[in-house]
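In what follows, a structure is listed as structure tokens, so that the remarks can point back to it.
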Amino acid sequence: MLVKLTGAALQGIDAIPVTIEVLCEPGFQLVMVGLPDAVVKESAERVCSAIHQSGLEYPRKKIVVNMAPADVRKEGSAYDLPIALGILAASNQLDPHRFSDYLIMGELSLDGSLLPVKGVLPMAIMARARHIKGIIVPSHNATEAAVVNNLEVYGMDNLRQVIEFLAGNTHPEPVTVNTREEFRKALCHFNLDFADVKGQESVKRAFEVACAGGHNILLVGPPGSGKSMTAKRLPTILPPLTLAEALETTKIHSVAGKLKGGSKLMTTRPFRAPHHTISPVALVGGGSNPIPGEISLAHNGVLFLDEFPEFSRNVLEVLRQPLEDRHICISRAKYTIDYPAGFMLVASMNPCPCGYYNHPTKECICTQIQVQRYLSRISGPLLDRIDIQVEIMPVPFQELQSMQPGESSSQIRERVNKARTIQAERFSSDPSIHCNAQMTPRHIAQYARPVPEALAILETAMTRFDMSARAYDRILKVARTIADLDASAAIEPRHMHEAVSYRNLDRSTWGLK
């Protein structure tokens with residue numbers, strides 16, 4: 001008897017339907033075709049044991065399992081459940097008439113219990129798009145799938161429960177989630193706050209400007225000056241995720257297997273901080289079984305690279321293209337996958353190998369050549385893509401012992417939201433532009449024209465500090481953001497002064513002792 005079930009395969013952060021065909025005929029072997037990987041082939045032992053532990057009989061016949069389309073590689077253990085159900089139906093132990101109503105995926109343990117799998121959210125989205133009535137998944141994945149409305153979601157604990165449900169012997173209630181209500185309740189809840197940061201007002205202001213315009217930022221300062229502490233609080237002042245952004249972000253983390261059991265929508269912007277020993281593949285994604293890398297896991301959020309010069313040159317250089325294009329295309333011999341990578345880069349570094357160049361109280365022991373060599377670990381093209389470069393100094397003892405709380409994240413975020421609203425109206429006719437950091441030269445010429453006095457300041461700075469031409473556009477973009485925070489239609493001299501102050505590493509005198 002031939003039976004068919006509907007499953008799914010992941011391609012990038014999306015799912016495509018897979019038809020699982022099972023045929024029982026005279027013989028004594030199990031044959032799997034349709035480009036299954038080693039994990040799928042190993043399902044034979046798990047399926048056999050799970051069927052026996054569920055009180056049913058594994059047929060002593062030739063079993064052929066075909067997974068179509070045959071030219072798409074099937075990976076992972078999520079095919080265990082549909083294969084087991086197909087074998088039972090093909091051997092006349094289960095009525096298959098309800099199979100067409102559901103997309104079925106799940107991993108089986110030897111005792112027949114169901115284990116969580118990756119990528120359930122994009123599978124549920126695909127099922128709804130194809131007008132499939134419902135989806136049957138392990139209980140741990142049920143709330144993740146239930147984020148998708150207008151789809152019946154059933155979370156099951158073991159193979160026996162699935163059999164009883166499909167046989168019509170039980171009628172469990174589908175899992176439901178009020179997506180918009182849950183999203184609204186969980187929005188803007190943070191454990192960190194900028195009110196905890198003593199001093200560092202200039203750094204807080206730089207972060208406010210960076211968040212308001214979506215600018216990448218580099219912090220340069222000695223050890224213990226608060227670079228990591230302030231960077232970790234950056235998501236608390238970014239604009240809240242929209243529902244569409246939350247869904248896209250959750251899809252990426254679902255495919256990567258980063259969602260915790262029972263997770264629903266992600267409601268806060270991701271903050272990823274990989275160690276400097278990370279490999280290029282781990283950063284951009286890919287591998288033999290392709291998964292999103294750190295830059296995609298940071299999509300719609302922050303990628304924090306601490307100890308920036310300690311990352312290998314190869315790792316840093318792969319950032320250049322996604323920083324500009326906001327996506328990464330991974331091409332290998334067997335596949336080509338496109339992952340989103342619209343992240344905000346936040347990097348921190350010491351000013352020199354010993355860490356105390358320009359320190360107010362400690363003497364730097366590095367030579368000028370050592371300082372220059374240390375800074376040269378970051379290439380000019382990569383530095384060109386970082387709009388704001390700010391120095392951070394240690395907080396004096398008097399400010400550390402002060403009990404006066406600083407400005408809260410909610411207050412800073414309110415100003416950031418107002419500036420983003422201005423930019424949303426400005427770029428409403430261009431869907432590819434969301435914030436000032438993404439402006440092209442055409443947009444800069446149209447929206448970032450400084451008044452003559454401000455232009456004179458920029459000209460003086462470019463000449464006096466011997467700044468490169470690459471700094472010109474970056475300064476204008478940042479100045480436009482500062483003007484938006486000030487609710488000013490024009491870029492005034494005060495806006496230009498502040499924007500110029502955020503290009504420290506472009507100065508020809510930087511690193512000279």
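If you're wondering where the values come from, they're calculated on a predicted model, not measured in any experiment.
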Note to self: So does A124 get a backbone contact from the side chain of R128, meaning a donor-acceptor N/O pair under 3.5 Å?
What the structure shows: no
Margin query: Let me confirm one number: the CG-CZ distance from D430 to R442, rounded to the nearest 0.5 Å.
Written below: 6.0 Å
Note to self: Once ring-ring contact (aromatic ring centres under 6.0 Å, His included) is applied, do any residues pair with F311, and if so which ones, sequence neighbours excluded?
What the structure shows: none
Next item on the list: List the steps and the verdict of side-chain contact (heavy atoms from CB on, under 4.5 Å) for L319 and F343.
Entry: CA-CA 11 Å; L319 287 172; F343 59 92; 4.1 Å; yes
Margin query: Taking CZ in F427 as the centre, count heavy atoms belonging to other residues, nucleotides or ligands within less than 6.0 Å. Is the count above 12?
Written below: yes
Note to self: In the structure I gave you, are the side-chain heavy atoms of R130 and P17 within less than 4.5 Å of one another anywhere?
What the structure shows: yes
Check: For residues 229-243, which residue pairs qualify under salt bridge (Lys or Arg N to Asp or Glu O under 4.0 Å), counting only residues two or more places apart or in two chains?
Finding: D196-R233
Next item on the list: Side-chain contact test, heavy atoms from C-beta onward, threshold under 4.5 Å: evaluate it for R494 versus D486 and give yes or no.
Entry: yes
Checklist line | CD (E324) with more than 12 external heavy atoms under 6.0 Å | finding: yes
Notebook entry, point to check: So, Q200 and T230: side-chain donor and acceptor under 3.5 Å apart, yes or no?
Noted result: no
Check: Roughly how far apart are F194 CZ and I237 CD1, rounded to 0.5 Å?
Finding: 4.5 Å
Next item on the list: Determine whether the side chains of H443 and N436 contain a donor N or O and an acceptor N or O closer than 3.5 Å.
Entry: no
Check: With no hydrogens and no angle check, do the side chains of Y502 and E498 hold a donor and an acceptor under 3.5 Å apart?
Finding: yes
Check: Take atom CD in Q411; do more than 12 heavy atoms of anything else shown fall under 6.0 Å from it?
Finding: yes
Next item on the list: State, with a plain yes or no, whether a side-chain heavy atom of V137 is found less than 4.5 Å away from one of V117.
Entry: no
Next item on the list: Return yes when atom CZ of R377 has more than 12 non-hydrogen atoms of other residues, nucleotides or ligands closer than 6.0 Å, and no otherwise.
Entry: yes
Next item on the list: Identify the two heavy atoms, one from T236 and one from R413, that lie closest to each other, and give their separation to 0.1 Å.
Entry: O-NE, 3.6 Å
Item checked: Selection residues 206-216 - residue pairs positive for salt bridge (Lys or Arg N to Asp or Glu O under 4.0 Å), sequence neighbours left out -> R205-E208, E208-R415
Next item on the list: For residues 287-299, pull every pair meeting salt bridge (Lys or Arg N to Asp or Glu O under 4.0 Å), keeping only residues two or more places apart or in separate chains.
Entry: R272-E294
Next item on the list: State, yes or no, whether a side-chain contact exists between L247 and V147 at a heavy-atom distance under 4.5 Å.
Entry: yes
Note to self: Taking V72's backbone N and O only, do any of them form a donor-acceptor pair with Q11's side chain (distance below 3.5 Å, no angle check)?
What the structure shows: no
Notebook entry, point to check: Measuring from D80:CG to L115:CG, what's the distance to the nearest 0.5 Å?
Noted result: 8.5 Å
Margin query: Once rounded to the nearest 0.5 Å, what's the spacing between atom CG of D193 and atom CD1 of I412?
Written below: 8.0 Å
Margin query: List the residues meeting ring-ring contact (aromatic ring centres under 6.0 Å, His included) with H253, not counting sequence neighbours, and say none if there are none.
Written below: none
Item checked: Pair D306, S228: side-chain N/O donor-acceptor within cut-off below 3.5 Å -> yes
Check: How many angstroms lie between atom CG of L383 and atom CG of L218, to the nearest 0.5 angstrom?
Finding: 7.0 Å
Next item on the list: Check A15 against A8 and note the closest heavy-atom contact, atom names and distance.
Entry: CB-CB, 4.4 Å
Next item on the list: Spell out, as yes or no, whether a donor-acceptor pair under 3.5 Å connects the side chain of R503 to the backbone of Q389.
Entry: no
Next item on the list: Compute whether any side-chain donor of one residue and acceptor of the other, for H299 and T249, lie under 3.5 angstrom apart.
Entry: no
Notebook entry, point to check: Counting N and O atoms only, with roles assigned by atom type, does the side chain of S408 sit under 3.5 Å from a partner on the main chain of A195, one being a donor and the other an acceptor?
Noted result: no
Next item on the list: Write down the atom of I482, the atom of A499, and the distance for their closest heavy-atom approach.
Entry: CD1-N, 3.7 Å
Notebook entry, point to check: Heavy-atom count around R426 CZ within 6.0 Å, excluding the residue itself: above 12?
Noted result: yes
Check: Does the side chain of N350 reach to within under 4.5 Å of the side chain of P309, using non-hydrogen atoms?
Finding: no
Note to self: Assess the residue pair I328 and S296 against the criterion (side-chain contact (heavy atoms from CB on, under 4.5 Å)); give the C-alpha distance rounded to whole Å, side-chain angles, the decisive distance to 0.1 Å, and a yes or no.
What the structure shows: CA-CA 8 Å; I328 179 74; S296 295; 4.0 Å; yes
Margin query: If we count only N and O atoms by modelled type, under 3.5 Å, do the side chains of E152 and Y154 hold a donor and an acceptor together?
Written below: yes
Check: Shortest non-hydrogen contact from S254 to L121?
Finding: OG-N, 3.6 Å
Item checked: Heavy-atom closest contact (I337 atom, G12 atom, distance) -> CG2-CA, 3.4 Å
Note to self: Any non-hydrogen side-chain atom of M344 less than 4.5 Å from a side-chain atom of R269?
What the structure shows: no
Note to self: Just checking R320: does its CZ atom have more than 12 heavy atoms from other residues, nucleotides or ligands closer to it than 6.0 angstrom?
What the structure shows: yes
Check: Given the rule in the side-chain contact (heavy atoms from CB on, under 4.5 Å) test, do V255 and D14 qualify, once you have shown the distances and angles that lead to the verdict?
Finding: CA-CA 8 Å; V255 170; D14 296 313; over 6 Å; no
Note to self: In the structure I gave you, are the side-chain heavy atoms of P235 and T268 within less than 4.5 Å of one another anywhere?
What the structure shows: no
Check: Can you list the residues that meet the ring-ring contact (aromatic ring centres under 6.0 Å, His included) rule with F308, with sequence neighbours excluded?
Finding: none
Note to self: I'd like to know whether K251 forms a salt bridge (Lys or Arg N to Asp or Glu O under 4.0 Å) with E248, so could you lay out the CA-CA distance, the side-chain angles of the two residues, the decisive distance to 0.1 Å, and finally the verdict.
What the structure shows: CA-CA 5 Å; K251 278 176 61 178; E248 184 180 32; over 6 Å; no
Margin query: Rounded to the nearest 0.5 Å, what separates atom CG in L241 from atom OG1 in T267?
Written below: 7.5 Å
Next item on the list: Look at the aromatic rings of Y356 and H359 and report parallel, tilted or perpendicular, splitting at 30° and 60°.
Entry: perpendicular
Check: Is a side-chain donor or acceptor of T250 paired with a backbone partner of A246 at a separation under 3.5 angstrom?
Finding: yes
Notebook entry, point to check: Would D473 and K477 satisfy salt bridge (Lys or Arg N to Asp or Glu O under 4.0 Å), going step by step from the backbone distance to the final call?
Noted result: CA-CA 6 Å; D473 283 355; K477 290 180 181 181; over 6 Å; no
Check: Any sub-3.5 Å donor-acceptor pair from Q370's side-chain atoms to C366's backbone N or O?
Finding: no
Item checked: side-chain contact (heavy atoms from CB on, under 4.5 Å) between L192 and M229, intermediate numbers included -> CA-CA 10 Å; L192 302 174; M229 180 186 67; over 6 Å; no
Check: Of all heavy-atom pairs between A454 and I491, which one has the smallest distance, and what is that distance?
Finding: CB-O, 3.5 Å
Notebook entry, point to check: Considering only heavy atoms from C-beta outward, does the side chain of M349 approach that of K227 to under 4.5 Å?
Noted result: no
